[in-house]
K.L.:
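Dropping the structure in here first, questions after.
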There are 2 protein chains.
Amino acid sequence: MLTERQRMILNAIVDDYIRSAEPVGSRSISKRGDVGFSPATIRNEMADLEDLGFLEQPHTSAGRIPSHKGYRYYVDHLDPIYEALPTEQSTLRAFFAEKLNATEQVIQHAAMILSHITNYTSILLGPEVFHTSLRHFQLLSLNETTAVAIIVTSTGQVESKTVAVPPGVSVSEMEKVVNLLNSKLINVPLYKLKSRLYRELGQEMQRHLTNFEEIMSILDNIFVDTDTDQRVYLSGATNMLNQPEFKDVDKVKDILDLLEETPTLTKMMAATQGAAGIQVRIGTENNHEAFANCSLITATYSLDGEALGTIGILGPTRMEYARVMSLLGILSKDLTIMLSKLYK
Amino acid sequence: MLTERQRMILNAIVDDYIRSAEPVGSRSISKRGDVGFSPATIRNEMADLEDLGFLEQPHTSAGRIPSHKGYRYYVDHLDPIYEALPTEQSTLRAFFAEKLNATEQVIQHAAMILSHITNYTSILLGPEVFHTSLRHFQLLSLNETTAVAIIVTSTGQVESKTVAVPPGVSVSEMEKVVNLLNSKLINVPLYKLKSRLYRELGQEMQRHLTNFEEIMSILDNIFVDTDTDQRVYLSGATNMLNQPEFKDVDKVKDILDLLEETPTLTKMMAATQGAAGIQVRIGTENNHEAFANCSLITATYSLDGEALGTIGILGPTRMEYARVMSLLGILSKDLTIMLSKLYK
DNA sequence: CGTTAGCACTCGACTCAGATGAGTGCTAAC
DNA sequence: GTTAGCACTCATCTGAGTCGAGTGCTAACG
């Protein structure tokens with residue numbers, strides 16, 4: 001589709017623009033050395049690239065900037081063997097040297113490191129509780145009307161939920177249920193918990209319990225959120241303010257607002273959950289008005305070969321794709337290794 | 001210290017400036033009606049107020065803006081019977097109509113409501129785990145080397161921590177300790193837990209346990225953070241960007257950065273913990289460079305007459321003190337009532 | 001025929017001078 | 001003590017002029 005020379009020129013323009021955030025002119029490309037042509041020749045090619053939709057011109061007599069299509073081409077044809085700087089790699093490795101023994105801590109800390117190294121905003125999705133399994137269940141009554149349910153998952157996460165207990169349900173009855181769950185449903189994945197509960201234990205419970213209906217509704221209540229609730233960790237949101245394209249408050253306000261909306265974030269991050277490798281969504285590919293000038297790069301970490309969560313970096317469309325992709329690749333692999341060490 | 005007329009003029013200037021964010025001139029004060037003097041007279045008084053340090057002038061031929069001292073005077077002499085608008089009050093009340101039954105949910109939701117109503121940033125400090133007492137303790141082994149400790153407090157909060165288990169410590173031994181804690185230390189405030197543990201149970205444990213030292217170090221590990229860890233909830237950070245004085249990215253960057261630093265926030269919020277009533281800290285009174293142009297208004301909510309946590313609003317020094325103070329007053333009282341209903 | 005030098009042209013960014021007007025301080029009169 | 005009047009200040013706005021980076025086009029070159 002593009003000639004080799006066009007490819008090189010497009011590449012040079014994107015590179016330059018990523019560094020400078022200013023429209024790139026034919027002269028500066030020519031001077032770089034890696035494209036050995038005169039400005040005039042490059043101008044001709046640039047005009048062609050603009051016709052093809054890879055470049056844009058803010059106004060006549062300005063240089064060119066990459067269009068979304070241009071970024072997309074750039075990313076799709078990126079040199080795959082690019083390696084992050086050794087200093088960055090070592091910072092990242094140092095993180096894994098630290099002894100952290102709770103999943104949540106690990107993820108949270110990873111988010112911080114990632115935003116610090118990259119100078120962009122990091123968004124991490126915690127382990128998908130959905131796919132972990134039940135390790136221990138407990139119901140503790142707080143007073144006459146409320147109780148707290150505690151679920152410990154196979155990854156050592158502790159989820160708790162306070163629920164209302166209808167009058168008439170006794171402590172001893174609840175204990176029966178808890179014992180039943182702990183003896184029969186250990187190691188069942190959480191997303192199967194509800195159906196297994198009904199299918200296998202329904203009859204037995206009905207026999208043992210006088211307030212079957214009420215107790216079932218309590219359990220429903222407990223498991224309703226737990227299995228969709230993927231915790232999202234955000235770090236370095238204010239790094240957005242460092243970007244020259246967002247030096248105008250109005251432009252960055254919508255972005256930061258959206259970052260405060262955890263449900264939306266979760267949904268956005270989960271969109272590529274399961275896809276292998278490193279995903280890049282450029283500008284409008286994010287399907288959010290506010291992120292029209294942002295790119296999101298994501299990777300997945302896993303446990304036992306099953307995707308657990310997602311790590312991502314949000315930056316301007318003019319972001320250092322190669323560097324960030326390399327770093328995310330390293331971190332996702334290391335997270336996978338670290339988590340499996342923790343829970344094997 | 002100030003004459004009645006000076007007080008009125010200062011009041012009028014602060015009011016006007018809070019609304020308009022623009023330096024206030026003598027003419028506009030005169031036209032308001034509540035100060036029945038000509039611009040010339042008001043000008044004279046304004047000059048005096050500036051000499052006294054209550055007002056500042058951005059430049060000759062501009063109006064006056066309140067100095068920190070001016071705001072301080074304004075706040076200290078605020079009409080104490082100011083009432084928030086009925087519509088705002090009803091929004092706030094509606095919040096308490098919702099049935100929420102976990103402390104954490106309540107606080108988090110309150111933070112959201114508060115930032116929405118006020119259009120400022122809300123910072124809430126969750127119940128001080130420190131002062132709640134132990135309701136239930138549990139240690140669950142995850143694999144050979146790690147275990148998860150679960151602490152349920154009297155307010156129904158569930159705190160968990162994953163800890164490393166040194167080799168040689170057996171499950172049965174840990175169970176002994178757990179049983180001991182649950183039978184002897186229930187209802188002991190968390191901050192006394194460690195000392196009680198050593199004083200009362202040290203001997204007994206030493207008798208029962210072969211690995212006394214190791215187990216004690218695990219317990220130390222578990223209780224070390226729990227008692228200082230006050231969770232902070234932030235909402236509406238981006239509301240800062242709405243303020244005209246922060247329309248410059250550089251000015252707001254430091255503020256948002258500081259808001260991301262939870263430990264600093266916690267410390268700042270806890271600074272007035274325990275003080276009765278509504279506290280206002282204006283500009284540099286916050287002891288943070290970045291908040292030099294911000295004011296923080298806080299109130300405390302409690303349980304059983306003991307301060308549990310703090311709710312606060314952060315805004316520009318030019319913030320609607322009366323309105324916010326009224327709203328915080330209402331919310332803190334209602335929170336106190338709601339929490340005591342939940343846990344009595 | 002692809003490449004390049006040359007040149008006229010475009011247009012945002014910057015600068016500077018003048019006009020505008022909100023607001024002040026001072027003085028003198030009420 | 002209060003106020004009208006007035007000269008003065010100074011940030012903001014406006015428009016003209018300049019600058020320069022960058023373009024597109026044409027003609028010449030190898």
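Here is the naming used below: chain letters follow the sequence lines, and residue numbers restart at 1 for every chain.
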K.L.:
Can you tell me how far C1' of dG2(C) sits from CG of D48(A), to the nearest Å?
P.N.:
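Whole-Å distance recorded here is 13 Å.
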K.L.:
Using atom NZ of K31(B) as one end and atom C1' of dG23(C) as the other, report the distance to the nearest whole Å.
P.N.:
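Interatomic distance, NZ of K31(B) to C1' of dG23(C): 12 Å.
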K.L.:
If you look at every heavy atom in M325(B) and I278(B), which pair is closest and at what distance?
P.N.:
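Nearest pair, atom of M325(B) first, then I278(B): O-CD1, 3.1 Å.
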K.L.:
Is the NE2 atom of H77(A) crowded by more than 12 outside heavy atoms at less than 6.0 Å?
P.N.:
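Counting other residues, nucleotides and ligands, NE2 of H77(A) exceeds 12 neighbours.
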K.L.:
Are a donor atom and an acceptor atom from the side chains of T41(B) and S38(B) found within less than 3.5 Å of each other?
P.N.:
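T41(B) vs S38(B): donor-acceptor pair found between side chains.
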K.L.:
Can you check the Q6(B) CD to dG1(D) C1' distance for me, whole Å?
P.N.:
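Checked: the CD to C1' distance equals 14 Å.
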K.L.:
Just the rounded figure in Å: distance from P of dA22(C) to CD1 of I29(B).
P.N.:
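Roughly 16 Å, once rounded to whole Å.
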K.L.:
May I have the distance from I65(A) (atom CD1) to dT23(D) (atom P), rounded to whole angstrom?
P.N.:
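Checked: the CD1 to P distance equals 13 Å.
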K.L.:
Answer yes if the side chains of S295(B) and Y71(B) hold a donor-acceptor pair under 3.5 Å, and no otherwise.
P.N.:
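There is no such pair (donor and acceptor under 3.5 Å, judged by atom type) between the side chains of S295(B) and Y71(B).
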K.L.:
According to the Watson-Crick and G-U wobble definitions, with both distances under 3.5 Å, which nucleotide is paired to dC30(C)?
P.N.:
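Partner of dC30(C): dG1(D).
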K.L.:
More than 12 foreign heavy atoms under 6.0 Å from CZ of R72(B): is that the case here?
P.N.:
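Buried by this count: over 12 neighbours within 6.0 Å.
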K.L.:
Judged by atom type as modelled, is there a donor-acceptor pair below 3.5 Å linking the side chain of R64(B) to the main-chain atoms of Q57(B)?
P.N.:
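The answer is no, because no donor-acceptor pair under 3.5 Å joins these two groups.
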K.L.:
Please write out the pairs of protein N or O atoms and N or O atoms of nucleotides 3-7 of chain D separated by less than 3.5 Å, giving the distance to one decimal.
P.N.:
unit_1, atom_1, unit_2, atom_2, d
dT3(D), OP2, S38(B), N, 3.1
dT3(D), OP2, T41(B), OG1, 2.6
dG5(D), O6, R43(B), NH2, 3.2

K.L.:
Taking OH from Y17(B) and P from dA22(C), how many angstroms apart are they, rounded to a whole number?
P.N.:
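My rounded result for the distance is 19 Å.
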K.L.:
What's the CD1-C1' distance between I9(A) and dG2(C), to the nearest Å?
P.N.:
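Those two atoms, CD1 and C1', are 13 Å apart.
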K.L.:
Rounded to whole angstrom units, what separation is found between the CG atom of D51(A) and the P atom of dT23(D)?
P.N.:
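So the CG-P distance, D51(A) to dT23(D), works out to 14 Å.
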K.L.:
Paired with dC16(C): which nucleotide, if any, by Watson-Crick or G-U wobble criteria at under 3.5 Å for both distances?
P.N.:
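Matched dC16(C) with dG15(D) under the 3.5 Å cut-off.
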K.L.:
Can you give me the closest heavy-atom contact between M46(B) and I9(B), atom names plus distance?
P.N.:
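Shortest heavy-atom separation between M46(B) and I9(B) comes out as CG-CG2, 4.3 Å.
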K.L.:
Would you call K253(A)-D250(A) a salt bridge at under 4.0 Å N-O?
P.N.:
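No, K253(A) and D250(A) are not salt-bridged.
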K.L.:
Strictly distance-based, threshold 3.5 Å: is any side-chain N or O of R7(B) a donor or acceptor partner for the main-chain N or O of L2(B)?
P.N.:
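Side chain of R7(B) to backbone of L2(B), a donor-acceptor pair under 3.5 Å: no, none is there.
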K.L.:
So which of residues 52-60 of chain A are in contact with DNA chain C, with a heavy-atom cut-off of under 4.0 Å?
P.N.:
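Heavy-atom cutoff 4.0 Å gives H59(A), T60(A).
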K.L.:
Quick check against the 3.5 Å criterion: does E56(B) have a side-chain atom that pairs as donor or acceptor with the backbone of G53(B)?
P.N.:
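Flag not set: sc E56(B) to bb G53(B) has no pair under 3.5 Å.
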K.L.:
Nearest heavy-atom pair of P316(B) and E245(B): which atoms, and what distance?
P.N.:
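So the minimum-distance heavy-atom pair works out to CB-OE2, 3.5 Å.
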K.L.:
What are the atom names and distances for every N/O pair under 3.5 Å that joins the protein to nucleotides 17-20 of chain D?
P.N.:
none

